[in-house]
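This is a predicted model, so every value here is computed, not measured. Chain naming here is simple, since letters A, B, ... match the order of the sequence lines and numbering starts at 1 in each.
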Amino acid sequence: MDKPLALPIQKIITESERVKTYVFDYDFPGEPGQFVMCWIPGFDEKPFGIIKKEGKGFRISVAAVGDSTKAMHMMEEGDLLGFRGPYGSVFVLPEKGKQIAMVAGGYGMVPLSYLAQEARKKEYKVHLFIGARNKQELLFKEWMEEIGVLVHASTDDGSEGYKGFNTDLFKSNAEKESYDKVYTVGPEIMELKIAQICWEKNIPFEVSLERYMKCGFGICGQCSVDPTGWRMCVEGPVIDGEKLKKIEEFGKYHRTASGKVEKYPWVK
Amino acid sequence: MANLSVSLAGISLQNPTILASGIMGVSASSLKFVEEHGAGAVTMKSIGPTDRTGHKNPTVYSWGEGITNAVGLSNPGAEEGAAHLEEMKKILHIPVIASCFADTVDNIAKVAEKLLEKEPLALELNLSCPNTEDDFGCMFAMDPRVTERAVTLVKKTSGKTKIFVKLSPDASNIVTVAKAAEAAGADGITAINTLSGLIIDIHTKRPILKNTFGGLSGPAIRPVGVRAVYNLYEAVKIPIIGTGGINTGEDAIEYIMAGATAVGIGSGVYYRGIDVFGKVTEEMENFMDQNGYKSLEEMRGIAHKC
Ligand SMILES: Cc1cc2nc3c(=O)[nH]c(=O)nc-3n(C[C@H](O)[C@H](O)[C@H](O)COP(=O)(O)OP(=O)(O)OC[C@H]3O[C@@H](n4cnc5c(N)ncnc54)[C@H](O)[C@@H]3O)c2cc1C
Ligand SMILES: Cc1cc2nc3c(=O)[nH]c(=O)nc-3n(C[C@H](O)[C@H](O)[C@H](O)COP(=O)(O)O)c2cc1C
Ligand code: FES
């Protein structure tokens, strides 16, 4: 459905200081990697990854960063949010692969947790490299451990696991383990580092490449990337490592809501 | 095999499908992607005087029979817009139609001048966007005199570039406005832009679009577009790009029979995917072959003869 469907929030779970999970009793379709456009009545409409756990219903997890996500964090159970979708491409598990790795930063854990759950159901061995500022921000760590995911945590302050970046932890790990496929979602600088490691080592991988979204269904052109013109709401957000080579703007720049090109701070 | 090529105000198109402004037109590579899917020409998203982020979301959604949008003319401004146009011209093989809007007649002439420096084959003056703030709220295309002034000013610097004027079905008399544009030297008319509308979500008791009102497009507006083209064909001599609700080859042929020279496709990208251009072209060809038409010329305006 492409018109917002208003659904009452059934349950709100506080995951950490910055993240809340919203549970809905509605069997919304969607596969790992896909997203919904979520209407926050009176504020805005934003893309969020979806998670479906056992049984009916679906959930989204939202980090409070700006005005509209902060407004969402003020909402209560029973309040209405509007949903349309699901949109975008999906993660593909390797055919006969036995061992996969996931590298997640921040709310990148949202789509990856859903993928990890599906992979575990199919008995893949899953290594998860999850990075956060501190121990409290390690999203879904317990859930992942419960379903048998091998969690390699890293924190900026060393309050849990490796002190430093999960990209470094992944790199050293990839020297001794062999992965049939790698999945990464998080800040673009993190995704870029993982992509470089995977390209170098010839490991198949997929990234979720986020771009500013307006329509979410492929007509406004806001989320098109250079030079292929692929729309990250239709041909993306999940992009295969080989295809990613063609997206020259990856890791370099993106477009703001006006369509202006904005370079990333790490690019000289 | 039917011949689908057309000459639009002297510009040759391999097929009559033109990507409408505001759809996929944010960047050169986005338009290249449309070219790869079979469009005969593309229109860039309308450029205004300065950088605008547009309205907040929700800005676009579909209500089934149509699409409602209030993107709010987001664009990077004339300077960067002109740079985008240059890049578009460089990497596309099909004609690129530039597009511009502004709050005042003087400003639209200024934006037009900036884009005209890049010598596009054609420039479309968007005088008819229904979903901007108060300062843009009074559409130029409501008033024949304002339209005439805008066209006259732009024509002063347009050189070889053809000037198309995009009109609104919300004008009380679209024909009068079109005639004024023609009298001022416009080379073509694009009809129609979206119609102003409002959709309320009854559960949250609110308009869905952040901007409250939005422009309607898609199949629901096709009869309005066909009607406009039919009336315009009898009133002006300059070519018309029939736009509004075209999803299939049959829809396009309906517009050609009403008098359109070429057809604009926007929402069709949503309804049938990015390859809508190739699909429409193929369906037109099939219809023409089955019904013994060899060229678009033979069908153009044919509905007026009955
Ligand atoms: C495919 C996709 C999936 C996402 N999944 C999640 C998720 O599961 N959980 C989560 O917390 N966040 C997710 N996000 C990010 C989320 O949409 C934005 O971070 C959020 O909208 C911030 O909005 P704000 O109004 O609070 O802050 P703002 O201050 O408005 O925005 C902060 C930053 O968020 C980004 N952003 C804002 N609006 C949009 C938009 N319409 N489209 C894309 N990026 C935007 C921009 O980079 C902006 O600078 C996802 C984004 C995309 C594109
Ligand atoms: C999301 C969206 C954005 C649009 N933006 C513009 C624009 O910037 N300039 C313009 O002249 N028309 C704009 N339009 C109007 C279209 O060009 C077209 O006239 C209208 O949508 C009717 O055609 P359709 O039914 O094929 O979509 C926009 C339409 C949509 C749906
Ligand atoms: S968000 Fe509109 S095309 Fe992707």
Side-chain angles (χ1 to χ4, degrees), chain A residues 1-8 37-47 66-68 71 79-85 87 211-235 246-249 253-262, chain B residues 19 22-37 45 47 50-64 67-69 71-77 80-81 83-84 87 91 199 201-210 217 266-271 273-274:
Chain A
M1 188 55 193
D2 298 316
K3 180 179 159 190
L5 169 73
L7 297 172
M37 290 302 287
C38 172
W39 177 37
I40 310 132
F43 286 91
D44 213 322
E45 184 187 41
K46 297 282 167 184
D67 290 350
S68 48
D79 287 350
L80 296 174
L81 283 170
F83 290 95
R84 56 188 183 90
Y87 297 124
R211 284 297 178 264
Y212 201 95
M213 296 199 179
K214 287 181 178 170
C215 70
F217 53 51
I219 76 164
C220 73
Q222 178 66 46
C223 66
S224 288
V225 291
D226 287 341
T228 59
W230 295 332
R231 299 156 294 178
M232 287 307 104
C233 67
V234 178
E235 285 77 31
K246 297 199 176 125
I247 303 180
E248 289 164 14
E249 72 171 60
Y253 64 87
H254 68 146
R255 282 190 160 75
T256 66
S258 73
K260 223 181 172 65
V261 166
E262 192 174 73
Chain B
L19 173 77
I23 286 85
M24 300 279 297
V26 175
S27 64
S29 37
S30 178
L31 292 178
K32 183 79 190 164
F33 194 49
V34 173
E35 173 183 279
E36 286 162 8
H37 287 88
K45 181 156 178 61
I47 295 294
T50 50
D51 181 81
R52 276 170 72 89
T53 49
H55 299 310
K56 277 190 163 185
N57 275 351
T59 45
V60 191
Y61 64 84
S62 162
W63 39 277
I67 286 177
T68 303
N69 96 82
V71 171
L73 295 168
S74 54
N75 82 95
E80 193 163 326
H84 283 185
E87 205 188 326
I91 68 169
I199 289 191
D201 176 65
I202 59 171
H203 302 286
T204 53
K205 304 172 279 240
R206 287 171 179 278
I208 299 175
L209 288 173
K210 181 71 182 168
S217 60
S267 304
V269 170
Y270 163 76
Y271 287 97
I274 183 78

Count the heavy-atom pairs under 4.5 Å between each of Cys223(A), Cys220(A), Gly82(A) and chain B, then report the option with the highest count. Cys220(A)
Of all of Pro227(A), Gly218(A), Pro41(A), Ala6(A), which one pairs up most often with chain B through heavy atoms under 4.5 Å apart? Pro41(A)
Mind checking whether [X] and [Y] have side chains closer than 4.5 Å, heavy atoms only?
{"X": "Lys214(A)", "Y": "Ser74(B)", "value": "yes"}
{"X": "Ile208(B)", "Y": "Glu45(A)", "value": "no"}
{"X": "Ile219(A)", "Y": "Tyr270(B)", "value": "yes"}
{"X": "Pro4(A)", "Y": "Tyr61(B)", "value": "yes"}
{"X": "Glu80(B)", "Y": "Val261(A)", "value": "yes"}
{"X": "Trp39(A)", "Y": "Asn57(B)", "value": "no"}
{"X": "Ser27(B)", "Y": "Arg255(A)", "value": "yes"}

Counting only non-hydrogen atoms closer than 4.5 Å, does Ile199(B) touch chain A with its backbone (N, CA, C, O), its side chain (CB onward), both, or neither? side chain
Select one option (side chain, backbone, both, neither) describing which atoms of Ile67(B) are under 4.5 Å from chain A's heavy atoms. side chain
What closest approach, in Å, do Arg52(B) and Ser258(A) show between heavy atoms, and which atom pair accounts for it? O-CB, 2.9 Å
I need the [X] [atom1] to [Y] [atom2] distance, nearest 0.5 Å.
{"X": "Gln222(A)", "Y": "Lys45(B)", "atom1": "CD", "atom2": "NZ", "answer": "9.0 Å"}
{"X": "His203(B)", "Y": "Leu5(A)", "atom1": "NE2", "atom2": "CG", "answer": "7.5 Å"}
{"X": "Met213(A)", "Y": "Thr59(B)", "atom1": "CE", "atom2": "OG1", "answer": "12.5 Å"}
{"X": "Asp226(A)", "Y": "Lys32(B)", "atom1": "CG", "atom2": "NZ", "answer": "13.0 Å"}
{"X": "Lys3(A)", "Y": "Asp201(B)", "atom1": "NZ", "atom2": "CG", "answer": "7.0 Å"}

I'd like to check the salt bridge (Lys or Arg N to Asp or Glu O under 4.0 Å) partners of Arg206(B); sequence neighbours left out, ordered by chain and number. none
Applying side-chain contact (heavy atoms from CB on, under 4.5 Å), can you list everything that pairs with Lys56(B), at least two apart in sequence or on another chain? Asp44(A), Lys210(B)
Could you tell me which of Ser30(B), Pro76(B), Gly273(B), Pro58(B) has the largest number of non-hydrogen atom pairs under 4.5 Å with chain A? Pro58(B)
Please assess Val269(B) against Arg231(A) for the test side-chain contact (heavy atoms from CB on, under 4.5 Å), listing each intermediate value before the final yes or no. CA-CA 12 Å; Val269(B) 170; Arg231(A) 299 156 294 178; 3.9 Å; yes
Segment of [X] engaging chain B (4.5 angstrom heavy-atom cut-off):
{"X": "Glu235(A)", "result": "side chain"}
{"X": "Thr256(A)", "result": "neither"}
{"X": "Tyr212(A)", "result": "neither"}

